Amino acid sequence: MNLEELTGLPPGATDHFRGEGIEELYPPQAEAVEAGATDGENLVAAVPTASGKTMIAALSMLSAVQRGGKALYIVPLRALASEKKEEFEAYEEFGVTTGVTTGNYESTDDWLATKDIIVATSEKVDSLVRNGADWLSELTCVVSDEVHLIDDRNRGPTLEVTLAKLRQLNPGMQVVALSATVGNADEIADWLDAALVDTDWRPIDLQMGVHYGNALNFDDGSTREVPVEGSEKQEAALVRDILQEGGSSLVFVNSRRNAEGAAKRLGQVSSREITEDERAELADLADDIRDDSDTETSADLADCVERGAAFHHAGLSSTQRSLVEDAFRDRLLKVISATPTLAAGVNTPARRVIVRDWRRFDPSAGGMAPLDVLEVHQMMGRAGRPGLDPYGEAVLLAKSHDESEELFDRYIWADPEPVRSKLAAEPALRTHVLATIASGFARTRGGLLEFLEATLYASQSSEAGRLESVTDDVLDYLERNDFIEREAPRASGRSSGSPRERERDSSGDEADGSNDGPFTSAADLAEQQAAKREETLEATSLGHTVSRLYLDPMSAAEIVHGLERADERPTALGLYQLVSRTPDMYELYLRSGEDEQFGELFYEREAELLGDAPSEYEEDRFEDWLAALKTGKLLEDWAEETEEETITDRYKIGPGDLRGKVDTAEWLLGAAESLAAEIDSEWTVAVREARARVEHGVGEELLELVSVGGVGRKRARRLHDAGIEEPADLRTADKGVVLSVLKGEKTAENILENAGREDPSMDGVEPAGIDVDGADTGDSNSGDKAAAAQTESDDSQSSLGDF
DNA sequence: TGAAGTTTTTTATAGACAGCATGTC
DNA sequence: CTATAAAAAACTTCA
């Protein structure tokens, strides 16, 4: 199908696409258009990665906008949100505007309401639905990218429920679901009342194969010699082989350590194939990486990068991740070894993809479990850049002939697994049931069940009554914790109930008519059931707060109980441990030996912890408690200005993990603050302070200073050491002192200006000797020395409790 | 006896969304 | 119940 044949797009859109070099639609795209993508028809497109799924979405959204509507594009990752934003912002040249909203992107409701296309993560959309954003009801088109993630145990239910709610909110709305090729795209299409485009067509050839011995055997029967020389590993041979043709490669492994180890070894391969110019650019890139964070992980990464290789996993900071991704796309980096982060994330194609490890440690399976076919296909789909590579190659590694055969059967010839809803899992249900009640989507038990019936879970579930019984358990839990109130309807049974639920009544009792059998007991039962369906559900004020804050109700319950139990003002550590033991905090596991170490810490500081510790004899629960204490201690270290490197070293985590923990704690403590206010706790201020300390990573005495723009944890400490204790001091302090503390004139001027000083200019000011003004604390150390001293004294990792 | 080299045992294991109100070194 | 790499420990070798 030719671009000219498209109708219903905004004027200028066709020219825009032609400007991008698009003349003709790919077959799946044409098929989507024929199925009504540009006419507002529902559509499920199950096509491989990089086969132009975004174009299908774009055509649907643009035609919807042209008809005067508004479109929403749901992505699974924040990184994808910014990627799509860049892409869609180009539409502004013909007058279609784009806005993004994710947890950390700035966005206000009125601002979004003016945009034609909005990009958001599924959680953010869920939150918007809960908080009743007005513009949601103006949507005429919703695109859900990577919809197969409904299968994900943690985040799938959110997407599923969100889609169901959006559909209930806007009955005529177009739904376009983009999926990887999965086993049951037809079921998803059924659920969404959508047409189905299901194909494995790809714009460039993808050859899949298995490397064994010295040969690479492809699925089309062809073979390529790739000899393994000397003691090198298979992946090294494969990387070298394709690099000599000028192609880069992507190696998927199953652990962070393996990713780092492989990158180190592959650096020896890649460093032989880079030019002098590239070497210089790589050195710059390595410096950028070192600048971002001075931890061991960064240093290792920088060392690899200098040789043209890199590793990629969630322990990297987001800056480092995008530096690596960009450099790889620019062909500067020749090879990346990565954990599966990269397969799901932003687009980073390579000529050759090597799936080295196809098994992964899975505690629930009791050991190593094979990866899903879907997952391996997602990785393999990263092979080949349309228009740039002649073809893509995806290679699995086998160590024996048998394994080679197994890999062909298991992954290359195999179809991906079907997508199964995970909504019935209790943690998911408890969150979404509360949200559904709080946002007024359901006001009776029957209404709730009716809503749940519209989910994929219900359409896939064969086990009758399962959803209902789990729902009842969840309702009990929510009522027990004071999040909802339930009220039985008046005994008369068939009365119409309260006025506001009348709207639901007509559809809520459809099953009853057939029950007028001769046996009164059956009729009684039916009546009882009908009565139960009319039970009213209402969120309490606390329940509304929990739902609005986007907390797991269980987290909220834990925090509320913890605060209620506190007789004295809680310490920072107490609060950090409290939020760390909620299910919303991603767990930090205890390593061997650490149970003892943290057991000791526990006895030392038991009094600070909120609520009752589980008995030591309940091993599992006690261990969880200690694990939370470990996380809490990490946060306390951070809030006591411990160096980043000391922390990453002590807890054996990457810089990205530290940021992640701090972010989550900040969010949870913010929520805890609202909860404290809600229950009239007297510790609201303590919570706020603990949150502020985590946010900035500083001690209590620096909180005022860090509120000045341009002053972070390090500068604040140095200023404080120099006797400048609060923003007001900055306005009167001797400029020489300020300059010597802050280094750099521009920084100093900028900070003084932010502090509201009238004459921030540093012209002609000489730095004063630092020890001139240390009088206040009697401590003449510069911040540098103090920081250095701290690092040194922290070197003994074995005793955590002694500072 | 002790440094250096080799084999065996032990150990550990992926990912990352959200509130709210603005900005690190 | 499954794997694998790296680190640590145990053991061997040789001057």
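Every value quoted in this text rests on a predicted model; they were computed, and no experiment measured them. Residue numbers start from 1 in every chain, and the chains themselves are labelled A, B, ... in the order their sequence lines are given, proteins ahead of strands.
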Grab the [atom1]-[atom2] distance between [X] and [N] for me, whole Å please.
X: A:E641; N: B:dT24; atom1: CD; atom2: P; value: 14 Å
X: A:L371; N: B:dT13; atom1: CG; atom2: P; value: 18 Å
X: A:L316; N: B:dG15; atom1: CG; atom2: C1'; value: 13 Å
X: A:E666; N: B:dG23; atom1: CD; atom2: P; value: 14 Å
X: A:Y589; N: B:dT13; atom1: OH; atom2: P; value: 10 Å
X: A:D663; N: B:dA21; atom1: CG; atom2: P; value: 17 Å
X: A:H432; N: B:dC17; atom1: NE2; atom2: P; value: 16 Å
X: A:R256; N: B:dA12; atom1: CZ; atom2: P; value: 16 Å

Subject >> Pairwise 5' ranking along DNA chain B for A:D291 and A:P76, keeping only the more 5' one >> reply: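 Residue closer to the 5' terminus by nearest nucleotide: A:P76.
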**OP:** Return no unless some side-chain N or O of A:R548 is found under 4.0 Å from OP1 or OP2 of B:dC20.
**Re:**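 Checking B:dC20 against A:R548, a side-chain N or O does come within under 4.0 Å of OP1 or OP2.
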Write out a two-atom table: protein N or O, nucleotide N or O from nucleotides 1-5 of chain C, distance below 3.5 Å.
residue, atom, partner, partner atom, Å
C:dT2, O2, A:M368, O, 3.0
C:dT2, N3, A:M368, O, 2.5
C:dT2, O4, A:A365, O, 2.5
C:dA5, N3, A:R257, NH2, 3.2

Original post:
What does A:S674 touch in the nucleic acid at a heavy-atom separation under 4.0 angstrom: a base, only the sugar-phosphate, or nothing?
Top reply: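 It contacts nothing in the nucleic acid.
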Subject >> Step-by-step side chain to side chain contact (heavy atoms under 4.5 Å, CB included) determination, A:E749 to A:L739 >> reply: CA-CA 9 Å; A:E749 283 177 11; A:L739 187 56; over 6 Å; no
Subject >> C:dA6: pairing nucleotide in any strand, Watson-Crick or G-U under 3.5 angstrom >> reply: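 Across any shown strand, C:dA6 pairs with B:dT10.
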Original post:
Using the P atom in both, what is the distance from C:dA7 to B:dA14, to the nearest Å?
Top reply: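 Taking atom P in both C:dA7 and B:dA14, they lie 15 Å apart.
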Original post:
Considering only B:dC17, B:dG15, B:dT13, which nucleotide approaches the side chain of A:R78 most closely?
Top reply: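 From the listed options, B:dC17 comes nearest.
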